[in-house]
Amino acid sequence: MEILDSLNPEQQEAVTKTDGYLLVLAGAGSGKTRVLTYKIAWLIEHKKVKSWDILAVTFTNKAAAEMKDRIEKLIGEVAKQVWMGTFHSFCARLLRRYGELLGYSRNFTIYDADDSKNLIKKIIKDKGLEIKIPPKGIAGKISKAKNNFILPDKYPIYDFQSNRIKEIYKLYQEALKSNNAMDFDDLLLNACKVFQESKEALGRFSFKYILVDEYQDTNKVQYELLKLLSKKYGNLTVVGDEDQSIYGFRGADIGNILHFEKDFPQIHIVRLEENYRSTQTILKAASAVVSNNKFRIGKELWTNNETGNKLSLYTARNANEEARKVVEVIKKYKRPLKDFTVLYRTNAQSRVIEEALRRENMPYIIVGGIRFYERKEIKDILAYLRVLMNPDDNISLARIINTPLRGIGPKTRRFLEDYAKKERVPIYFALKKVNKIKKIILRKQKVLKKFFKLMENHRCKLGKPAKLIENILNETGYLDMLREEEAIEAESRIENLNELIAGAGEYETLEDFIESVSLLTNIDEWDETQTRVTLMTTHNAKGLEFPIVFIAGLEEGLFPHSSSFYDEAELEEERRLFHVGLTRAKERVYLSYAQSRRGYSFCLPSRFIDEIPADTLEMSEELLPADFIEKMHADSHPAHRMGGTHRFNRR
DNA sequence: AGAAAGGTGATTTTT
DNA sequence: TCACCTTTCT
């Protein structure tokens, strides 16, 4: 069969072993995407499986689209009917259909982190609760609980704080429901609930063959979903690499891959250990680093690629100098800019690098950070759309009721809310009854009525999303508001809105548009045909490859991040993250750290640098004299971001 | 009562 | 750099 010809024996085994439970341990650059695409092609072409009987779950929408594309090239149009997407998009589709079983209507809104935060804030304020943890932190704790299948009633209480969180968690879930909204975690959790409660739903979504990419980053709920979905036919292929598990903070459970053998009967395991991406040197360095981890299955990656150059390490005096050095090296190469990526641990680091690139007129693109759809003006307009689709969505309504300014301040809103609560209607419908709310003066009533009428006009006849956005921008005065602003940023906001309209043009219905916008991932917006230097966090780089990779900010406390110092498991995750960074590179790796950064001086180089074998690493020419470094270490007060891990072991 | 202006503190990673 | 809070102005 020609499909198999271009695959190595292990890859062939992973492709042709179609029945039963299969775990493919695929090291970085070992061609796992290739295996998945070919496997789906093999199923359809050779095993005559109907394409709609196959479900493939990927980590990003982009990965799904690409895979679909590649399968189509292999076997043609039939590939179009394979169910492909992220866990979240799959669950959303299921819940549009079966959410009613849980008391949701099909037009429910998907809340992002910002919406969740606002909702929690509102709950705390309304109830006058006292709690020291900021809303974002509470959202994090609730999310963690959800990812571990802990419902509000089961939330453990061990002190005053946790008791409060439990209370807020409960109220939060109730509020979500009355807003007809789900957060990201609910999508997974509720999908599970649907399957547990409805045989019909489970039957309809039990695929004959299920394939999962990036399995090491699944959480308990996703794991449970897979168990439910694969039960009927028992054909499940998961592909993953425990050394690339980097999403523990959002509930990803590395145990899912470490214990896969125990949990699924008669499991078959295939290891892909040949790396097709990197040089021998890069691979050696990366393997040595990650071998310091205890929580791993362990594998030996090897490659037939050439030895290649050593990794370089550059010591900068500060973040600016580090950024300048990065740009200088890129310039020296005289290669297409798309060959380069600069990786960092935190989004905040991008700024200095951006500035340095801009100074040299070098075009760049940032993946992640403040995302397009998270910008204020975009979220405002989306809030209009969401209220039109789902009038129960009070959080979105709160966003727009006085944007642009209509003179509806906190007081008036309070009255509206009180009425809505008393009459048990959504706030949106309280707008219809403003004349019944005596507390609101006549002049304000008029304004509210006007706003309501405007919304209702659109709600009755929802046209195509692009046109709808245009109308809203004009009729609400949002565009005028921006035009009147003197600030330069108003102009870029208008540009962004035009971009939004252009983006919406690709969708026929408002539902489709909102859904895909809500479930977009960072990397989905990245276009690899672009011609610029790519800047992103190491997290976002997963699954990508570049000829030349820079990893900046390799300081103790930053990478590894100080928050991981006290927890061995978290420290190992940082190490895996670094390993992911290294293995993105095909040809060359440049590492750097700064001795001082945003108010911190005497930063120590990352311990991960020490873990790179000496014969694969060289110091960049501008290294400071050794005695200077020694003195610096002796003088330093490591307490600031060292978390007590005193280390003076530099050569 | 609502808007604008001014000051302050905090910044891990993300579906 | 930005989001959030307080103070001051209309």
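Being a predicted model, the structure only gives us computed values, none of them experimental. Residue numbers start from 1 in every chain, and the chains themselves are labelled A, B, ... in the order their sequence lines are given, proteins ahead of strands.
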### Message
Within the 4.0 Å heavy-atom criterion, would you say A/Lys376 contacts the bases, only the backbone, or no part of the nucleic acid?
### Response
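No contact.
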### Message
At 4.0 Å (heavy atoms only), tell me whether A/Asp185 reaches a base, stays on the sugar-phosphate, or touches nothing.
### Response
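A/Asp185: no heavy atom of the nucleic acid under 4.0 Å.
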Report all side-chain donor-acceptor pairs from residues 244-253 of chain A shorter than 3.5 Å, counting only partners two or more places apart or in another chain.
unit_1   : atom_1 : unit_2   : atom_2 : d
A/Gln244 : OE1    : A/Arg584 : NH2    : 3.2
A/Gln244 : NE2    : A/Asp241 : OD2    : 2.9
A/Ser245 : OG     : A/Gln216 : O      : 3.4
A/Tyr247 : OH     : A/His539 : O      : 3.4
A/Asp253 : OD1    : A/Gly255 : N      : 2.8
A/Asp253 : OD2    : A/Lys220 : NZ     : 3.3

Using only side-chain N and O atoms of [X], determine if any of them is under 4.0 Å from OP1 or OP2 of [N].
X: A/Asn147; N: B/dT15; value: no
X: A/Lys117; N: C/dC4; value: yes
X: A/Asn61; N: B/dT15; value: no
X: A/Thr412; N: B/dA1; value: no

From the options [options], select the nucleotide whose nearest atom is closest to the side chain of [X].
X: A/Arg250; options: B/dA4, B/dT15, B/dT12; answer: B/dT15
X: A/Phe249; options: B/dT15, B/dT14, B/dG2; answer: B/dT14
X: A/Arg351; options: C/dC4, B/dT13, C/dT1; answer: C/dT1

### Query
Would A/His561 and A/Ser563 satisfy side chain to side chain donor-acceptor pair (under 3.5 Å), going step by step from the backbone distance to the final call?
CA-CA 5 Å; A/His561 197 270; A/Ser563 59; 2.9 Å; yes
### Residue whose closest nucleotide on DNA chain B lies nearer the 5' end, A/Gly409 versus A/Ser563
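This one resolves to A/Gly409.
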### Task
Flag this pair as yes if the NZ/CZ of A/Arg96 is under 6.0 angstrom from the six-membered ring centre of A/Phe108 and inside a 45 degree cone about the axis; otherwise no.
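Yes.
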### Task
Calculate the interatomic distance between A/Glu555 atom CD and B/dT11 atom C1'; express it in whole Å.
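For the pair A/Glu555 CD and B/dT11 C1', the rounded distance is 15 Å.
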